[in-house]
Amino acid sequence: MRLLVIGPAALAPDASGDAARERALFAQLDDDAFAAPSQAACRENLIELVARAASAGIRVVIVTDQAGPVDLRLDNIDVGPLVTAHLEVVRPRNARVGEFWNFRRRLLALRGYIAERDNRIVSRVVFVDSGVKDEAGRNLSSKFLVNLGLDAELVDPGPWGLALGSYAQICAALELDVPSPRPTTSRASNNDEELF
């Protein structure tokens, strides 16, 4: 069984301070050769990924830091029913705060979810979360997932949400056909491709 685990930064633009600084630095480039991915395009990538993964028999798990349902609708398409599980990670009172600790709680929730099942039937986990962007997050992920004997692929979706580059990386990790680049509406040329 393969699992696609989607964290909060793939559902919407990463709210962390690092991601905001990265977006601001990118905006300062103001270069026609680079077009930041639109939020609508990232959302479309997410909806398409969930639909493609589910149709290939891959179980989709959403892990969020906030209580409440995740809206996975786009126009008249709703892929919410295709999600196998939604893990809501609520920070206990007096718990440590910060991006690393939020990520740690998401990993613990995922580990608990896998432990409830026989983890020998889980052949591959693709974990899409901004917490894996630095060495501390990758080490923690290895400790929590790889040490369980799981084949885990870690993907940082980037600061904008699920951009095309991350989407392609996830598809390759799940052995799905990699999507073709989509044209952007860059001021320089309508033939430019979205790079991120």
Side-chain angles (χ1 to χ4, degrees), residues 1-22 42-43 45-46 49-50 53-54 56-72 79-163 166-167 169-174:
M1 174 177 68
R2 292 175 290 169
L3 286 181
L4 168 61
V5 184
I6 300 172
L11 299 169
D14 188 351
S16 71
D18 287 344
R21 284 187 290 279
E22 191 175 339
C42 291
R43 182 156 184 78
N45 291 339
L46 173 68
L49 175 65
V50 171
I58 298 165
R59 296 196 179 167
V60 180
V61 177
I62 304 285
V63 184
T64 61
D65 293 326
Q66 297 177 350
V70 174
D71 183 11
L72 292 173
V79 297
L82 301 177
V83 174
T84 305
H86 180 190
L87 309 177
E88 297 174 357
V89 182
V90 180
R91 182 174 56 88
R93 284 185 56 178
N94 302 324
R96 292 181 176 181
V97 294
E99 295 169 32
F100 175 81
W101 297 105
N102 292 340
F103 177 58
R104 187 176 189 280
R105 283 187 282 275
R106 291 193 297 273
L107 271 173
L108 283 169
L110 175 59
R111 184 176 176 172
Y113 173 79
I114 292 171
E116 287 176 5
R117 286 129 193 88
D118 185 349
N119 65 354
R120 290 173 295 180
I121 65 171
V122 178
S123 60
R124 183 152 182 74
V125 177
V126 177
F127 190 27
V128 185
D129 195 289
S130 62
V132 303
K133 66 185 163 197
D134 59 21
E135 188 175 349
R138 288 189 299 275
N139 289 341
L140 190 65
S141 301
S142 293
K143 177 182 173 184
F144 280 42
L145 299 175
V146 177
N147 289 352
L148 282 177
L150 299 170
D151 177 19
E153 175 90 14
L154 310 172
V155 179
D156 173 17
W160 291 283
L162 191 61
S166 301
Y167 180 20
Q169 184 181 355
I170 295 162
C171 287
L174 292 170

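The model shown is predicted, which means the values in this text are computed figures rather than measured ones. Along the sequence shown, the residues carry numbers beginning at 1.
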Heavy-atom side-chain proximity of V132 to L140 below 4.5 angstrom: no
Least distance between heavy atoms, L72 atom then G80 atom: CB-N, 3.8 Å
Backbone of L162 reached by a side-chain donor or acceptor of N45 within 3.5 Å: yes
Test side chain to side chain contact (heavy atoms under 4.5 Å, CB included) applied to S142 - qualifying residues, sequence neighbours left out: V146
Closest non-hydrogen atom pair between L82 and A54, with its separation: CB-CB, 3.8 Å
Residues that R43 engages under salt bridge (charged side-chain N to carboxylate O under 4.0 Å, His left out), provided they are two or more places apart: D71
Verdict with reasoning, S166 to D156, per side chain to side chain contact (heavy atoms under 4.5 Å, CB included): CA-CA 7 Å; S166 301; D156 173 17; over 6 Å; no
Any P13 side-chain heavy atom under 4.5 Å of W160 side chain: no
Pair listing, salt bridge (Lys or Arg N to Asp or Glu O under 4.0 Å) test, anchored in residues 92-102, at least two apart: none
T84 (side chain) donor-acceptor with V61 (main chain) under 3.5 angstrom: no
Steps toward side chain to side chain contact (heavy atoms under 4.5 Å, CB included) verdict (D151, V125): CA-CA 6 Å; D151 177 19; V125 177; over 6 Å; no
Residue pair D129 / P8, side-chain heavy-atom distance below 4.5 Å: yes
Rounded distance [0.5 Å steps], CD1 in I62 versus CG in L87: 9.0 Å
Counterpart residues, side chain to side chain contact (heavy atoms under 4.5 Å, CB included), relative to E153 (two or more places apart): R124, V126, V155, Q169, A173
Under 3.5 Å: donor-acceptor pair, side chain of R2, backbone of L174: yes
Derivation and outcome, side chain to side chain contact (heavy atoms under 4.5 Å, CB included), residues V70 and L11: CA-CA 8 Å; V70 174; L11 299 169; 4.1 Å; yes
Side-chain heavy-atom pair F103, S141 within 4.5 angstrom cut-off: yes
For A95, all residues meeting side chain to side chain contact (heavy atoms under 4.5 Å, CB included), sequence neighbours excluded: R91, P92, R105
Qualifying salt bridge (Lys or Arg N to Asp or Glu O under 4.0 Å) pairs, either residue in residues 131-145, two or more places apart: D14-K133
Closest non-hydrogen atom pair between A10 and P157, with its separation: N-CG, 3.9 Å
Minimal non-hydrogen separation, R106 against S130, with atom names: NH2-OG, 4.4 Å
Side chain to side chain contact (heavy atoms under 4.5 Å, CB included), paired with F127, selected from L3, V5, L4: V5
Candidate pair V50 and I6, rule side chain to side chain contact (heavy atoms under 4.5 Å, CB included), full reasoning: CA-CA 9 Å; V50 171; I6 300 172; 3.9 Å; yes
Inter-residue atom distance R104.CZ - W101.CH2, 0.5 Å rounding: 5.5 Å
